[in-house]
Participant: 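Quick one: the structure is below, questions incoming.
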Amino acid sequence: MLQINNIRQNPQWVKERLSVRNFPAIDLVDRILQTDDELRKIKVAAESLQAMVNAASKEIGAMMAKGDKELAENKKKEVAALKADIAEKSAELSALENEFNKNILQLPNLPHISVPLGKSAEDNVLVREGGRKPTLNSSAKPHWDLIKQYDWVDFETGAKLAGSGFPLYKGKGAKLQRTLIQFFLDYNTAAGYTEYMPPLMVNEATAYGTGQLPDKEGQMYHITADGLYLIPTAEVPVTNVYSNEILKESDLPVKMTAYTPCFRREAGSFGSDVRGLNRVHQFDKVEIIQLVRPEESYEVLEEMVKHVEQLLNLLELPYRILRLCGGDMGFTSALTYDFEVYSASQQKWLEVSSVSNFETFQTNRMKIRYKDEAGKSQLLHSLNGSSLALPRIVAALLENNQTDGGVLLPKALHGYFGAERL
RNA sequence: GGAGAGUUGUCCGAGUGGUUGAAGGAGCACGCCUGGAAAGUGUGUAUACGGGAAACUGUAUCGAGGGUUCGAAUCCCUCACUCUCCGCCA
């Protein structure tokens with residue numbers, strides 16, 4: 001959620017930045033400002049009435065103590081009139097507040113100055129590429145054939161147990177998942193991230209904090225009997241660890257990592273890239289999250305990009321890094337880098353990580369603050385990224401490294417997996 | 001699932017309707033004292049949102065939300081969480 005102070009201070013800038021997203025905000029911003037203005041006027045009026053009531057109540061207390069019953073009764077009548085006024089004002093106030101909240105929640109985050117203009121994924125800007133694309137012979141298979149051939153992932157039985165899009169990993173397929181999770185977590189903790197294992201279900205307030213609610217309600221599995229949501233990413237519970245807290249300078253930066261399964265309904269997603277492990281309802285992911293001082297956040301973002309990039313280098317996968325354009329960025333993000341790996345038999349780039357700076361968009365909702373040197377509390381910036389999402393990494397590893405005698409593993413995994421090939 | 005007890009400021013802890021934003025203590029900060037420190041001593045020590053150039057000031061906040069009342073940390077209702085016992089259970 002954008003900070004109203006910032007909108008108030010520079011509405012022109014807000015409008016201009018939102019236009020980078022192709023988000024027509026001019027009317028909305030003006031309406032928000034107008035509502036904010038009325039809101040505050042009424043608030044002042046209501047509060048000064050309340051101040052009168054409070055003062056009168058004290059007087060009544062004093063009168064009663066002295067035994068001036070009649071005076072007290074008269075005073076009570078005055079108060080009754082004031083209270084009627086207050087009731088009127090507060091009705092207006094809550095109507096305006098609803099209006100205000102409804103509107104400000106519709107505003108997405110302001111794109112950073114470096115966000116390229118553009119409408120869709122086609123307009124994303126290539127930052128750099130790394131690794132080498134393998135040359136496969138003509139008998140090379142897509143990963144969905146390989147996992148079937150070796151019986152590493154059984155989609156049919158997964159479908160029997162839960163439904164389509166719920167893979168059942170098996171044998172070395174299951175072990176590879178465990179290996180990758182372990183490898184990613186070790187890599188992250190070595191870089192100073194603290195490992196967490198959060199709840200896989202969250203309540204409404206938590207889902208709201210990171211911005212999944214109210215917009216993306218339909219994308220999460222909802223356990224209505226208990227009012228809980230299955231997490232679509234570890235970002236949700238882990239970022240909320242510090243919600244409504246004021247951190248000390250010495251606590252910063254907060255660096256957290258977590259492995260969790262991720263659950264996504266992905267309702268209404270169609271297209272050609274849904275085969276095999278490309279898009280599923282449940283998948284595994286290791287996430288990195290930081291809470292940092294505002295002045296450091298873009299430096300930290302670059303550091304997180306390097307961190308993820310190095311991980312892909314260790315996996316020896318061909319990758320590219322894209323800077324998302326205004327039209328393709330998520331609602332909550334100010335700047336996002338997407339990482340894609342090249343999946344050789346599909347001849348396709350698959351997104352495996354997304355590293356974003358949310359600035360104060362999430363922390364404003366969650367009220368995650370710190371006390372600066374001047375003793376003033378201010379919102380932190382939150383950032384996160386995948387390191388990494390497993391299914392597409394597995395798809396690329398299998399496709400790119402297939403041989404007649406099985407799939408070769410990158411050196412970094414040999415010790416973890418206990419073998420050089422699958 | 002059943003029964004009971006709790007939830008107060010950074011922490012401990014008092015407070016059952018009227019200057020209680022909240023006693024007392026600890027901690028912390030600053031000062032005095034000291035050669036230095038400890039002890040002692042004095043002062044200060046929440047957050048959010050408004051108004052104001054500022055000094056300052058208004059409102060709200062004692063788990064959360066509602067209610068009663070001129071007035072609620074205190075009374076009533078709903079919910080959440082914690083603890084103890086019983087049941088069930090990996």
Side-chain angles (χ1 to χ4, degrees), chain A residues 1-9 32-101 103-105 197-209 213 222-229 237 240-252 261 360-380:
Chain A
M1 180 161 74
L2 294 181
Q3 294 174 259
I4 183 63
N5 283 341
N6 295 343
I7 302 178
R8 235 183 259 150
Q9 272 160 27
I32 286 169
L33 284 171
Q34 199 192 329
T35 312
D36 175 57
D37 200 46
E38 289 174 42
L39 196 68
R40 285 190 296 159
K41 278 198 191 114
I42 293 182
K43 211 169 176 179
V44 168
E47 281 181 2
S48 62
L49 286 173
Q50 185 63 48
M52 289 163 80
V53 169
N54 289 348
S57 292
K58 277 186 186 170
E59 288 176 42
I60 292 172
M63 291 169 185
M64 302 284 268
K66 267 197 268 171
D68 292 338
K69 279 256 160 60
E70 269 178 52
L71 278 176
E73 287 306 318
N74 286 337
K75 207 67 181 169
K76 281 190 196 182
K77 279 178 198 140
E78 279 177 41
V79 172
L82 287 172
K83 289 188 79 171
D85 280 357
I86 291 176
E88 203 177 294
K89 288 272 187 286
S90 57
E92 275 179 70
L93 194 61
S94 68
L96 283 170
E97 272 169 353
N98 286 340
E99 171 79 7
F100 177 82
N101 287 330
N103 287 333
I104 200 165
L105 281 172
M197 253 208 193
L200 304 182
M201 297 181 204
V202 294
N203 58 31
E204 210 171 283
T206 302
Y208 173 85
L213 293 179
H222 189 190
I223 295 139
T224 49
D226 301 288
L228 295 170
Y229 293 88
N240 274 283
V241 162
Y242 288 100
S243 63
N244 295 307
E245 290 191 22
I246 299 175
L247 299 169
K248 293 182 294 230
E249 286 248 41
S250 58
D251 296 328
L252 302 174
T360 59
F361 198 84
Q362 295 182 325
T363 55
N364 189 31
R365 287 191 182 190
M366 286 181 279
K367 297 282 170 275
I368 303 182
R369 291 159 294 178
Y370 82 108
K371 202 157 256 197
D372 65 19
E373 281 158 4
K376 199 168 156 47
S377 59
Q378 55 174 306
L379 295 171
L380 286 162

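Just so it is clear, the values below take in all heavy atoms, side chains as well, and ignore hydrogens, waters and symmetry mates. In what follows, chains are A, B, ... by sequence order, proteins preceding strands, each numbered from 1.
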Participant: Calculate the interatomic distance between A:Leu49 atom CG and B:rG51 atom C1'; express it in whole Å.
Facilitator: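 Distance check: A:Leu49 CG to B:rG51 C1' gives 15 Å.
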
Participant: Closer than 4.0 Å, any side-chain N/O of A:Asn54 to the OP1 or OP2 of B:rA60?
Facilitator: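 Yes, A:Asn54 has a side-chain N/O under 4.0 Å of OP1/OP2 on B:rA60.
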
Participant: Taking OP1 and OP2 of B:rA48, is either one under 4.0 Å from a side-chain nitrogen or oxygen of A:Ser377?
Facilitator: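 A:Ser377 to B:rA48 OP1/OP2: side-chain N or O found under 4.0 Å.
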
Participant: In whole Å, I'd like the distance from the CD atom of A:Glu47 to the P atom of B:rG58.
Facilitator: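 A:Glu47 atom CD is separated from B:rG58 atom P by 11 Å.
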
Participant: Hey, is the side chain of A:Arg40 poking within less than 4.0 Å of OP1 or OP2 on B:rU59, counting only N and O atoms?
Facilitator: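 The answer is no; no side-chain N or O of A:Arg40 sits under 4.0 Å from OP1 or OP2.
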
Participant: Take the protein atom NZ of A:Lys367 and the nucleotide atom P of B:rC49, then report the distance between them rounded to whole Å.
Facilitator: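 About 8 Å, once rounded to whole Å.
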
Participant: Return the 5'-most residue of the pair A:Lys371, A:Ala80 with respect to RNA chain B, ranking by each residue's nearest nucleotide.
Facilitator: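 Result: A:Lys371.
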
Participant: Has A:Gln50 got a side-chain N or O lying under 4.0 Å from the OP1 or OP2 atom of B:rA60?
Facilitator: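 Indeed, a polar side-chain atom of A:Gln50 lies that close.
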
Participant: Hey, is CD on A:Gln378 packed in by over 12 heavy atoms from elsewhere, all under 6.0 Å?
Facilitator: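 For A:Gln378, atom CD is crowded (more than 12 foreign heavy atoms under 6.0 Å).
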
Participant: Please report, rounded to the nearest Å, how far the C1' atom of B:rU19 is from the CE atom of A:Met63.
Facilitator: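 That distance rounds to 15 Å.
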
Participant: When the C1' atoms of B:rC11 and B:rC32 are considered, how many whole Å apart are they?
Facilitator: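 27 Å, rounded to whole Å.
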
Participant: Strictly by Watson-Crick or wobble contacts shorter than 3.5 Å, is anything paired with B:rG31, and which nucleotide is it?
Facilitator: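 Per the H-bond distance test, B:rU41.
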
Participant: Please give the nucleotide sitting opposite B:rC83 as a Watson-Crick or G-U wobble pair, both distances under 3.5 Å, or none.
Facilitator: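 Its partner is B:rG4.
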
Participant: For atom C1', what is the distance between B:rC88 and B:rC49, given to the nearest Å?
Facilitator: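 It works out to 48 Å between them.
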
Participant: Is it true that A:Ser57 and A:Asn54 share a donor-acceptor pair across their side chains at a distance under 3.5 Å?
Facilitator: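 No, no side-chain donor-acceptor pair sits under 3.5 Å.
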
Participant: Using the C1' atom as the point on both nucleotides, what is the distance between B:rC75 and B:rG18, in whole Å?
Facilitator: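 Between the two C1' atoms, the distance is 15 Å.
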
Participant: In terms of the nearest nucleotide of RNA chain B, which residue is placed more toward the 5' end: A:Ile60 or A:Met52?
Facilitator: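 Nearer the 5' end of the strand: A:Met52.
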
Participant: Under 4.0 angstrom, heavy atoms only, what part of the nucleic acid is A:Lys43 near: base, sugar-phosphate, or nothing?
Facilitator: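 Sugar-phosphate: the residue A:Lys43, judged by heavy atoms under 4.0 Å, touches backbone atoms but no base.
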
Participant: Is any side-chain nitrogen or oxygen of A:Lys41 closer than 4.0 Å to OP1 or OP2 of B:rG50?
Facilitator: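 Negative; the distance criterion is not met.
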
Participant: For B:rA54, what is the paired nucleotide under Watson-Crick or G-U wobble rules, both distances under 3.5 Å?
Facilitator: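 WC or wobble partner does not exist here.
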
Participant: For A:Glu73, which of A:Lys69, A:Lys76, A:Lys75 qualifies under salt bridge (Lys or Arg N to Asp or Glu O under 4.0 Å)?
Facilitator: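 It is A:Lys76, the one option of A:Lys69, A:Lys76, A:Lys75 that forms the salt bridge (Lys or Arg N to Asp or Glu O under 4.0 Å) with A:Glu73.
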
Participant: Output the rounded distance in Å from CG (A:Leu379) to C1' (B:rU47).
Facilitator: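 So the CG-C1' distance, A:Leu379 to B:rU47, works out to 14 Å.
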
Participant: Does any nucleotide pair with B:rC88 by Watson-Crick or G-U wobble geometry, both distances under 3.5 Å, and what is it?
Facilitator: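 With both distances under 3.5 Å required, B:rC88 matches none.
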
Participant: Testing the 3.5 Å rule here: is there a donor-acceptor pair between the side chains of A:Gln9 and A:Asn5?
Facilitator: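 No, A:Asn5 and A:Gln9 have no side-chain donor paired with an acceptor closer than 3.5 Å.
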
Participant: Just call it for A:Ala51: base, sugar-phosphate, or nothing, with non-hydrogen atoms closer than 4.0 Å on any strand.
Facilitator: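 Sugar-phosphate contact only.
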
Participant: Roughly how far apart, to the nearest Å, are B:rU84 and B:rU74 at atom C1'?
Facilitator: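 Taking atom C1' in both B:rU84 and B:rU74, they lie 26 Å apart.
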
Participant: Across all strands shown, which nucleotide pairs with B:rG9 by Watson-Crick or G-U wobble geometry, both distances under 3.5 Å?
Facilitator: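 Per the H-bond distance test, none.
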
Participant: Is it the case that more than 12 heavy atoms not belonging to A:Met1 sit under 6.0 Å from its CE atom?
Facilitator: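 Buried by this count: over 12 neighbours within 6.0 Å.
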
Participant: If I take atom CG from residue A:Asn240 and atom CG from residue A:Asn203, how far apart are they, to the nearest 0.5 angstrom?
Facilitator: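 If we round to the nearest 0.5 Å, A:Asn240:CG and A:Asn203:CG are 8.0 Å apart.
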
Participant: What interatomic distance, in whole Å, is found between P of B:rU19 and the corresponding atom of B:rG4?
Facilitator: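 Taking atom P in both B:rG4 and B:rU19, they lie 34 Å apart.
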
Participant: For B:rU19, which nucleotide in any strand shown is its Watson-Crick or wobble partner with both distances under 3.5 Å?
Facilitator: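 Paired with no nucleotide.
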
Participant: What integer distance in Å separates A:Lys83:NZ from B:rU59:C1'?
Facilitator: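 The distance from NZ of A:Lys83 to C1' of B:rU59 comes to 15 Å, rounded to the nearest Å.
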
Participant: Specify the separation, in whole Å, of atom CG of A:Asn5 and atom C1' of B:rA48.
Facilitator: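 Between C1' of B:rA48 and CG of A:Asn5: 12 Å.
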
Participant: Take atom C1' in B:rA80 and the same atom in B:rA64, then report the distance between them in whole Å.
Facilitator: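 It works out to 7 Å between them.
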
Participant: With C1' as the reference atom in both, quote the distance from B:rG21 to B:rG44 in angstrom, rounded to an integer.
Facilitator: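 That atom pair is separated by 16 Å.
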
Participant: Can you give me the closest heavy-atom contact between A:Arg365 and A:Gly209, atom names plus distance?
Facilitator: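 Looking at all heavy atoms of both residues, the shortest contact is CB-O, 3.6 Å.
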
Participant: What integer distance in Å separates A:Asp251:CG from B:rU10:P?
Facilitator: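 So the two atoms are 15 Å apart, to the nearest Å.
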
Participant: If we call it a pair only when both distances are under 3.5 Å in a Watson-Crick or G-U wobble match, what pairs with B:rA60?
Facilitator: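 For B:rA60, the partner nucleotide comes out as B:rU47, under the 3.5 Å rule.
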
Participant: Work out how far the P atom of B:rG66 is from that of B:rU61, and round it to whole angstrom.
Facilitator: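 Result for the P pair: 10 Å, nearest Å.
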
